[in-house]
Amino acid sequence: MTQLVLDSHSHCGYTVPFAELAQEWRHGNIQGGVVFSPVEEIYDRYDPFFADSPQYQVSRTRVHRYLLDLGSRKHIFPYFFVWNDFAPIPDGFVGIKWHRHAGEPAYRYESPRCDAIIDEICARKLPVVLEEEFGNTLQFIDCVGGRTVTIIPHMGGLNGGYTRLRDAGLFEHANIWADTALASRGEIKDYVDRYGPERLLFGSDYPFGNPYHEKKKLTELFSGSDLDAILAGNLLRLLGKSAQDSRDGW
């Protein structure tokens, strides 16, 4: 029986078409996973003072429709990319991407609309892939207050670093999960040794990471039920999905 493998961290949209992602997944014997928009379709990451433009407003709407269409396929799970417009989250999205790096346009955390959308995310129990600077990461998690799951991508590599987050006690909280995309084998093993495999998700960060090689790191480290959980079981449990899905495949 083929082992079910789901990629919990992949970019997909008009600049990274699903056909390209699907080809990489097939090469890695990966049956599906989470899809969220590439950053360049959401905002201008190279302009720290970027506010908005009609071009990007159209782009955000367009790429989210693209992802919702993909969500009709077997084991494809679209996540909504929240940006500073704090637009309503359409039905059909099963998770959230919240993303920025240092030097990029900052989220307006002081806005009442920011508080409102976080409340909506928590009320709907949508898991959040949170990629932010260290201080903003802690602030966001404090605001969420355990009301929904927050996933730290790359084992925290772009949220201040795995060790820094670990030493701050972040991963001890039951509603803080992590994904393995581009993380080192040593970090992944340390995490599982300390916290167990139940809150860890396989991710590739395609197109920045190669799904086949990111999966191989895990198959070399783990086996049995631990491997099954990290590769797919944990994501299905998080999203309340079943491995036996009657929809047509992709």
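Reckoned from all heavy atoms, side chains included, excluding hydrogens, waters and symmetry mates.
Atom CZ of Arg237 has more than 12 neighbouring heavy atoms from other residues, nucleotides or ligands inside a 6.0 Å radius.
Side chains of Thr180 and Leu201 form no contact here, defined as non-hydrogen atoms less than 4.5 Å apart. Side-chain contact between Val192 and Leu221: absent, with no pair of heavy atoms (C-beta onward) separated by less than 4.5 Å. Side-chain contact between Glu120 and Ile89 is present, with heavy atoms from C-beta onward closer than 4.5 Å. Between Ile152 and Ile141, some side-chain heavy-atom pair lies under the 4.5 Å cut-off. Inter-residue side-chain proximity for Pro105 and Asp44 is flagged as unmet; no heavy-atom pair is nearer than 4.5 Å. Residues Val35 and Tyr79 have side chains not in contact (no heavy-atom distance under 4.5 Å, counting atoms from C-beta outward). At a threshold of 4.5 Å between non-hydrogen side-chain atoms, the residues Phe202 and Leu6 do not count as touching. At a threshold of 4.5 Å between non-hydrogen side-chain atoms, the residues Val34 and Ile76 do not count as touching.
Grouping the Ile, Leu, Val, Met, Phe, Trp and Tyr side chains by contacts below 4.5 angstrom, directly or via other members, places Leu21 with Leu70. Both Phe50 and Val39 are part of a single hydrophobic cluster, where members link through side-chain heavy atoms under 4.5 Å apart. Hydrophobic clustering, with ILVMFWY side chains joined whenever heavy atoms are under 4.5 angstrom apart, keeps Val129 apart from Leu182.
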Check against salt bridge (charged side-chain N to carboxylate O under 4.0 Å, His left out), Arg60 and Asp85: CA-CA 10 Å; Arg60 288 193 295 273; Asp85 57 351; 3.3 Å; yes

Ring pair (Phe, Tyr, Trp, His ring centres under 6.0 Å) between Phe140 and Tyr107, worked out: CA-CA 11 Å; Phe140 184 94; Tyr107 281 103; 8.3 Å; no

Side chain to side chain contact (heavy atoms under 4.5 Å, CB included) between His154 and His9, worked out: CA-CA 9 Å; His154 314 295; His9 187 140; 3.7 Å; yes

Worked verdict on Glu132 versus Tyr109 for side-chain hydrogen bond (donor to acceptor under 3.5 Å, both in side chains): CA-CA 12 Å; Glu132 252 283 17; Tyr109 289 109; 2.7 Å; yes

Check against side chain to side chain contact (heavy atoms under 4.5 Å, CB included), Asp91 and Arg124: CA-CA 10 Å; Asp91 291 339; Arg124 291 169 61 175; 3.9 Å; yes

Intermediate values then yes/no, side chain to side chain contact (heavy atoms under 4.5 Å, CB included), Asn29 and Tyr212: CA-CA 8 Å; Asn29 290 318; Tyr212 171 83; over 6 Å; no

Candidate pair Phe81 and Trp98, rule side chain to side chain contact (heavy atoms under 4.5 Å, CB included), full reasoning: CA-CA 6 Å; Phe81 198 133; Trp98 193 287; over 6 Å; no

side-chain hydrogen bond (donor to acceptor under 3.5 Å, both in side chains) assessment of Ser8 paired with Asp179: CA-CA 7 Å; Ser8 71; Asp179 79 41; 4.5 Å; no

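Taking the six-membered ring where the residue is Trp, Trp83 and Tyr43 present parallel rings, their angle staying beneath 30° rather than reaching 60°. The aromatic rings of Phe80 and Phe93 sit perpendicular to each other, their planes meeting at more than 60°, with 30° as the lower class boundary.
Defined by atom type and a distance below 3.5 Å, a donor-acceptor pair is present between the side-chain atoms of His11 and Asp205. There is a side-chain donor-acceptor pair under 3.5 Å between Glu131 and His101. Side-chain contact of Gln3 with Asp228: a donor-acceptor pair under 3.5 Å is present, judged by distance alone. Using a 3.5 Å distance cut-off with no hydrogens or angles, the side chains of Glu40 and Thr15 do pair a donor with an acceptor.
Between the side chain of Thr137 and the backbone N or O of Glu133 there is at least one donor-acceptor pair closer than 3.5 Å. No donor-acceptor distance shorter than 3.5 angstrom exists from the side chain of Thr148 to the backbone of Val144, with no hydrogens or angles considered. Of the possible polar contacts, one joining the Lys125 side chain to the Arg147 backbone as a donor-acceptor pair under 3.5 Å is found.
With respect to the salt-bridge test (charged N to carboxylate O, under 4.0 angstrom), the residues Asp193 and Lys189 qualify. Salt bridge status for Glu220 with Lys217: absent, with no side-chain N to carboxylate O gap under 4.0 Å. We find that Arg166 and Asp190 are joined by a salt bridge, their nearest charged nitrogen and carboxylate oxygen being less than 4.0 Å apart. Contact check on Arg194 versus Glu172 returns no salt bridge, with no Lys/Arg side-chain nitrogen under 4.0 Å from an Asp/Glu carboxylate oxygen.
Residues Tyr66 and Phe18 keep their aromatic ring centres 6.0 Å or farther apart.
Judged by the 6.0 Å distance and 45° axis criteria, Arg164 is positioned over the aromatic ring of Phe134. For the pair Arg62 and Tyr14, the cation-pi test (distance below 6.0 Å, angle within 45°) is passed.
The structure places SG of Cys114 at 4.0 Å from CD1 of Ile118, a figure rounded to the nearest 0.5 Å.
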